[in-house]
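First the structure, in the form of structure tokens, and then the observations on it.
Letters A, B, ... mirror the listed sequences (proteins, then strands); counts begin at 1. All values below were derived from every heavy atom in this structure, side-chain atoms included, with hydrogens, water molecules and symmetry-related copies excluded.
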There are 2 protein chains.
Amino acid sequence: MSEADKKLTHTMADVAKAAGVSKSTVSRAFTQPYRLTAETVERIIKIAEDFGYVPNHTARALSTGRHGNLALLVSDVANPFFPPLIRAAQMEADTADFCVFLGNSDEDARQEDKLIDRFISQVEGLLLVSSRLNAERIQVHARRRPLALINLDVPGVPRVLIDSATGVRDAMSHLADLGHKRIAYVSGPQNSWANRQRRNAVRLAARKYDMTVEIISPAIPSYDTGRAVVPQLIESKVTAAVAFDDLTAQGIMTGMAERGIEIPRHFSLVGCDDVLGAATYPSLTTVSNRSDEAGRAGVRLLLDIMDGRMAGDTRLVLDTHLVVRHTTAPPL
Amino acid sequence: MSEADKKLTHTMADVAKAAGVSKSTVSRAFTQPYRLTAETVERIIKIAEDFGYVPNHTARALSTGRHGNLALLVSDVANPFFPPLIRAAQMEADTADFCVFLGNSDEDARQEDKLIDRFISQVEGLLLVSSRLNAERIQVHARRRPLALINLDVPGVPRVLIDSATGVRDAMSHLADLGHKRIAYVSGPQNSWANRQRRNAVRLAARKYDMTVEIISPAIPSYDTGRAVVPQLIESKVTAAVAFDDLTAQGIMTGMAERGIEIPRHFSLVGCDDVLGAATYPSLTTVSNRSDEAGRAGVRLLLDIMDGRMAGDTRLVLDTHLVVRHTTAPPL
DNA sequence: TTATCTTATGCAACCGGTTGCATGTCAAGA
DNA sequence: TCTTGACATGCAACCGGTTGCATAAGATAA
């Protein structure tokens, strides 16, 4: 073994030689151990471990056509919506012994196309999250490799969708139960599918519970936007608000605190996306987004498709629910 | 060409046959066209395009050993410290036409080893961020592939370090100026390089400014940890605390608020890493982390080493500074 | 005891490129 | 005209695994 010791990286042939068997046997020890004597397998594994031998992914991929890699493309890694999703997707892939490529499209369709081209020859499947590509491009790529989407609804392409409407309905019901009659919805981007979905859910529920709704439409959702919107909220005399996302809600909390208005005693507030955990004071009541579950489900869906265990046009909808914490209370 | 038309995917041999040349010539048409007649190259390229032929990444990697891939391993994707770093690293790699594998070690050395083994045969370099591996393991891996570290100081291994000591010193000086005499350091993971560095900076500065320091050592830094630690802080009668990270600091803010202790009037608090922006109330005074710059620098360092443009034991230190916001004030 | 079936393992081709060396051609120099 | 060298291209080995088929040994049945 003194000679083997010197090598930085060993091949199957090295292990085979040391074990006194052929390459094929070593290969089988890893891929079809049941075909070998338990004793042989054991000996080979032992030697492989001593050598620190790990089968070469590339060589394996070349002969089998299976790379054991997935590509995960997101629009912005640093947007707090994504990290839990990425984490969950990564770990789910890991349990199936897949490696994942991460791509950051930077909200740019061209960049996304470029990354897909770069990944495609070394992955068995693609998972696109909040893709900016149009349906046509998506379908082109889907024809080349198994492909799944998260947060984009393209017919014929397997996809996981997060239905925030259900959670927003819960929130409205919760506010109605507490006795609120006049509420505000602090809107997100006008062209956002999620925003339309949430706003409509608010409107519908308001009608059902006989509440009035004030729609406040700042340009971009952010912490600063939330702070800036507080005077309008006060002026409109509403007793509660549903914000497009948690960041906006957090801004509203600050704005209220700065004016000495106590949440939830004087004002009730609900966020969306649950990206802050319980990390505000008081902790924010919000609509879960389940982005981690979406990530997990996306990977599983993709793996299922790759194995042909699932139809190609599966449409998986995750509903959301209200996470009641401490920013809602009956109106004064 | 009617026969070629039928194939889904073409190989170099197909193109060679159609062009009436050998495989080698086709290969050279793509990799060293200057060695061939312009006319030959042109003919081959034309046919390749007609066929929709694209060289197989895997086969190429097998023979050249160049995959054009990097591995990025972090301890927890969802920890807000990492996403900006990941994003920056990914985009930096992208400009050099590299794909990046993302691994999540989940703060577990064994998992990290496993992921490295899985990646190693298909990457040209490894970038480990806040690795939990010991120096010995790191060196073993570094011998197998070019490897760079972020946030871990192993002699002989190229590394990018974020020197939070400079920022922590600033923080201590700031607290001393305000008149604090007894402060606490709420510790992070015991085996974390950053934690040791911060703790030592606190101790040294305390000696310099003649302050007493209470070290509080919870198991894992998190929001909940911060909340849980508040009783100890109160009991120890300190007037200010420096927390290992912003999450912990945020937890402390909540814990204090729950007990009616106002920050900064009754208690001053400094975080580390600046991952929350101004999004707490009151907004958190903290030490900047520059994690995005670290990510970018790490990738560049790794690429430089791979090209042999840089010595193997480069040690790049990024210093930090204090961002004063609104959680520090003179003691009562 | 011999014929037959199992089972464990080896042989060698193959996946699709790259590359060192060999060969053949043509033009410039002697 | 013959040599020499530059240059374009081909041959075949190689990267490190996988896998269909062959073989030999042991187990079982006749």
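Not a single donor-acceptor contact under 3.5 angstrom links the side-chain atoms of B:Thr11 to the base of C:dC15.
No side-chain donor from either of A:Asn56 and B:Gln122 sits under 3.5 Å from a side-chain acceptor of the other.
Here A:Phe30 contributes atom CZ and A:Thr25 contributes atom OG1; the two are 12.0 Å apart, rounded to the nearest 0.5 Å.
Side-chain atoms of B:Pro55 lie closest to C:dG17 of the nucleotides C:dG10, C:dG17, D:dG10. Nearest nucleotide to the side chain of A:Ser63, out of C:dC15, D:dG10, C:dG16: C:dC15.
Nucleic acid contact for A:Val21: sugar-phosphate only, since backbone atoms but no base atoms lie under 4.0 Å from a heavy atom of the residue. Among the protein residues, A:Thr64 comes within range of the sugar-phosphate backbone only, with heavy atoms under 4.0 Å from sugar or phosphate atoms but none that close to a base.
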Side chains of residues 155-163 of chain B: which donor-acceptor partners sit under 3.5 Å, not counting sequence neighbours?
from	atom 1	to	atom 2	distance (Å)
B:Arg159	NE	B:Asp153	OD1	2.4
B:Arg159	NH1	B:Val157	O	2.8
B:Arg159	NH2	B:Asp153	OD1	3.4
B:Asp163	OD1	B:Ala165	N	3.1
B:Asp163	OD1	B:Gln197	NE2	2.9

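Contact check of residues 27-43 of chain B against DNA chain C (heavy atom, cut-off under 4.0 Å) returns B:Ser27, B:Arg28, B:Thr31.
Atom CZ in A:Arg60 sits about 18 Å away from atom P in C:dG16, given to the nearest Å. We find that CE of A:Met12 is positioned 20 Å from P of C:dC14, with the value rounded to whole Å. Whole-Å rounding puts the B:Gln122 CD to D:dG17 C1' distance at 13 Å. Rounded to whole angstrom, the span from the NZ atom of A:Lys23 across to the C1' atom of D:dT18 amounts to 9 Å. One interatomic measurement links the two molecules: NE2 of A:His10 to P of D:dC15, which rounds to 16 Å at whole-angstrom precision. Following rounding to the nearest Å, A:His67 (NE2) and D:dG16 (P) show an atom-to-atom distance of 18 Å. Per the geometry, OH belonging to B:Tyr53 stands 10 Å off P belonging to C:dG16, to the nearest Å. Rounded to an integer number of Å, the gap from A:Leu62 CG to D:dC15 P is 14 Å.
Within a 6.0 Å radius of CD in A:Glu107, more than 12 heavy atoms belonging to other residues, nucleotides or ligands are found. Around atom CZ of A:Arg66, no more than 12 heavy atoms belonging to other residues, nucleotides or ligands sit under 6.0 Å away.
Ring centroids of A:His10 and A:Tyr53 are separated by 6.0 Å or more, keeping the two rings apart.
Between B:Asp76 and A:Arg87 there is a salt bridge, since a side-chain N of the basic residue sits under 4.0 Å from a carboxylate O of the acidic one.
Between B:Gly20 and B:Ala59, the residue anchored closer to the 5' end of DNA chain D is B:Gly20, taking for each the nucleotide with the nearest heavy atom.
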